[in-house]
Every structure is written in C-alpha cells, then in structure tokens.
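What follows is one structure encoded as structure tokens, with my remarks underneath.
Naming: A, B, ... by sequence-line order, numbering from 1 per chain.
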Amino acid sequence: DVKVTQSSRYLVKRTGEKVFLECVQDMDHENMFWYRQDPGLGLRLIYFSYDVKMKEKGDIPEGYSVSREKKERFSLILESASTNQTSMYLCASSTRLGQGALDTEAFFGQGTRLTVV
Amino acid sequence: AQSVTQLGSHVSVSEGALVLLRCNYSSSVPPYLFWYVQYPNQGLQLLLKYTSAATLVKGINGFEAEFKKSETSFHLTKPSAHMSDAAEYFCASDNYGQNFVFGPGTRLSVLP
C-alpha cells in the first residue's frame, strides 16, 4: 500500500517560531510537493522538488522554504510563523512524466492542520 | 501555466439523484486530468484520471468522468448519490509534467 506520511496531524505554534513540517514517501517517487489548502481557494502550490537537493518555487513561496536531503523526505519550513500561515498543509508525491512513467498521479498525505497564535 | 475551474463551490443533491460536478481546464494541449475526493480532516484520494486513452473514465465508488476536448471539460458524474458521497471534490490537471494544478473545489452535500 503506497504511503505518504506527514509527521503531525495538528500543530499549534506561536507567532515568530520556526516551524518544520515533515513528509516521507515510500514509493521511490522523484517528485514531491507542498500545498496549502484554504477554504474557497483550493490547493495552492508552495514548493515542489523533482530530485534530491532540487527545489522549485510554486505559486506562494513567500515565508516558506524547503529541504530535500533524501529522496523520500521533503520538509517544509516556516522561517518565522505568522497568523496568516494558519492553514491545512498537504504533502504529495508523484512519478515524473518522461522518466519511464506512462502516466502519473499525485499521492497525498493526511495533511497537517497548523494553527499559529 | 494551466488553470482549472470548477463551477459551483457547493452542490446539493438528494440521495439517489444524479451527481454532476463541473470542471474545465485551460490548456490547448490536452493535459492529464484528475478528480480527487477529500473527506473531513483527511488528505486527497484519487477518484479517477484521464491519461489520453479512453475519453470516458470510470473510477471508484461508481463515479465516472468524460473528457471533451471541444469543450475543454472533464465533468464528474454519478448516477445515484449516496449519503457517503458527501465530501469535497477537486478537479486537477498536470502542469506540463512539472506539478499539478487544482481547482477551487466543490463541496457536495447529499440530502436524505
């Protein structure tokens, strides 16, 4: 059974704290993604990575950074948490089209609901 | 970049009625298209996907979707709604093989 695991389901942090959200996948996928989900806005891409130590900015990277030191792990970092970063954060992984994959789909973790107070 | 639109942020149907959730994509080149379902406080689960094979795609839980290039649409249907179908549904597109673009979501309510 394929799996994407996010380290926490719920987090409460204080304004100004440095926050780490961890994500691990066991499918040997090349691509990994961090999305933020807010009501009425759907899922918005924060960062993605298509290989170890590689990262690309998504649509809303401001206030976030990422780390991918190993293929299976992709971390999202909030350098200095603010209340407007209160949200549901979803990690996903996928195979990369053009790398022998006939098709692709995103596999999601359970999500981390972060509250910044 | 690709964009995906979903008409109707909230759809209500009676149990046993037809479910129709609308999705349109922007690309001139047919992308891969997906429908995901999200139950409360859960991640997203794939319902079905279009990958340029058959235009009518069958998925889990009795859902299906039809790819119509002329309309740039990929609407999701189910002949008879069940109470357990109440959830949020997201249409998504691959973004030129780099990542995935999601629509804003449609919340489906099923009335007894």
Side-chain heavy atoms under 4.5 angstrom apart, residues restricted to Ile, Leu, Val, Met, Phe, Trp, Tyr: same cluster for [X] and [Y]?
X	Y	result
V116(A)	I60(A)	yes
L21(B)	Y39(B)	yes
F63(B)	V11(B)	yes
L108(B)	I60(B)	yes

Identify which part of [X] has an atom lying under 4.5 Å from any heavy atom of chain B, answering side chain, backbone, both or neither.
X	result
L41(A)	backbone
Q37(A)	side chain
F33(A)	side chain
R9(A)	side chain

Can you name the closest pair of heavy atoms from [X] and [Y] and give their distance?
X	Y	answer
G40(A)	P104(B)	O-CB, 3.9 Å
Y35(A)	F100(B)	OH-O, 2.7 Å
Q110(A)	Q42(B)	NE2-OE1, 2.8 Å

| query | Between Q38(B) and L90(A), does a side chain to side chain contact (heavy atoms under 4.5 Å, CB included) hold up when you go through it step by step? | reply | CA-CA 12 Å; Q38(B) 185 182 36; L90(A) 292 165; 4.3 Å; yes
| request: Check whether more than 12 heavy atoms from other residues, nucleotides or ligands sit under 6.0 Å from atom CD1 of I77(A), and answer yes or no. | output: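 Atom CD1 in I77(A) is packed in, count exceeds 12.
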| query | More than 12 foreign heavy atoms under 6.0 Å from CZ of R73(A): is that the case here? | reply |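 For R73(A), atom CZ is not crowded (no more than 12 foreign heavy atoms under 6.0 Å).
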| message | According to side-chain hydrogen bond (donor to acceptor under 3.5 Å, both in side chains), does anything in residues 79-91 of chain A pair up with another residue at least two apart or in another chain? List the pairs. | response |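 Of all non-adjacent pairs touching residues 79-91 of chain A, those that pass side-chain hydrogen bond (donor to acceptor under 3.5 Å, both in side chains) are R36(A)-S87(A), D38(A)-S87(A), Y64(A)-Y89(A), S65(A)-E79(A), S82(A)-N84(A).
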| message | Checking N41(B) against Y10(A) for the side chain to side chain contact (heavy atoms under 4.5 Å, CB included) test, could you report, in this order, the C-alpha distance in whole Å, the side-chain angles of both residues, the deciding distance, and whether it holds? | response | CA-CA 10 Å; N41(B) 294 315; Y10(A) 300 94; 3.9 Å; yes
| query | About how many Å separate CG of L46(B) and CZ of F108(A), when rounded to the nearest 0.5 Å? | reply |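 Result: 9.5 Å between the selected atoms.
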| request: With a 4.5 angstrom heavy-atom cut-off, could you sort out which part of L44(B) is near chain A: side chain, backbone, both or neither? | output: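 Both backbone and side chain.
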| task | Kindly write out the residues that satisfy salt bridge (charged side-chain N to carboxylate O under 4.0 Å, His left out) with E64(B), not counting sequence neighbours, or none if the list is empty. | result |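 Per chain and number, E64(B) pairs via salt bridge (charged side-chain N to carboxylate O under 4.0 Å, His left out) with K58(B).
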| Under the 3.5 angstrom rule, does the side chain of Y36(B) hit a backbone N or O of A106(A) as a donor-acceptor pair? |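 Yes, Y36(B) side chain to A106(A) backbone: donor-acceptor pair under 3.5 Å.
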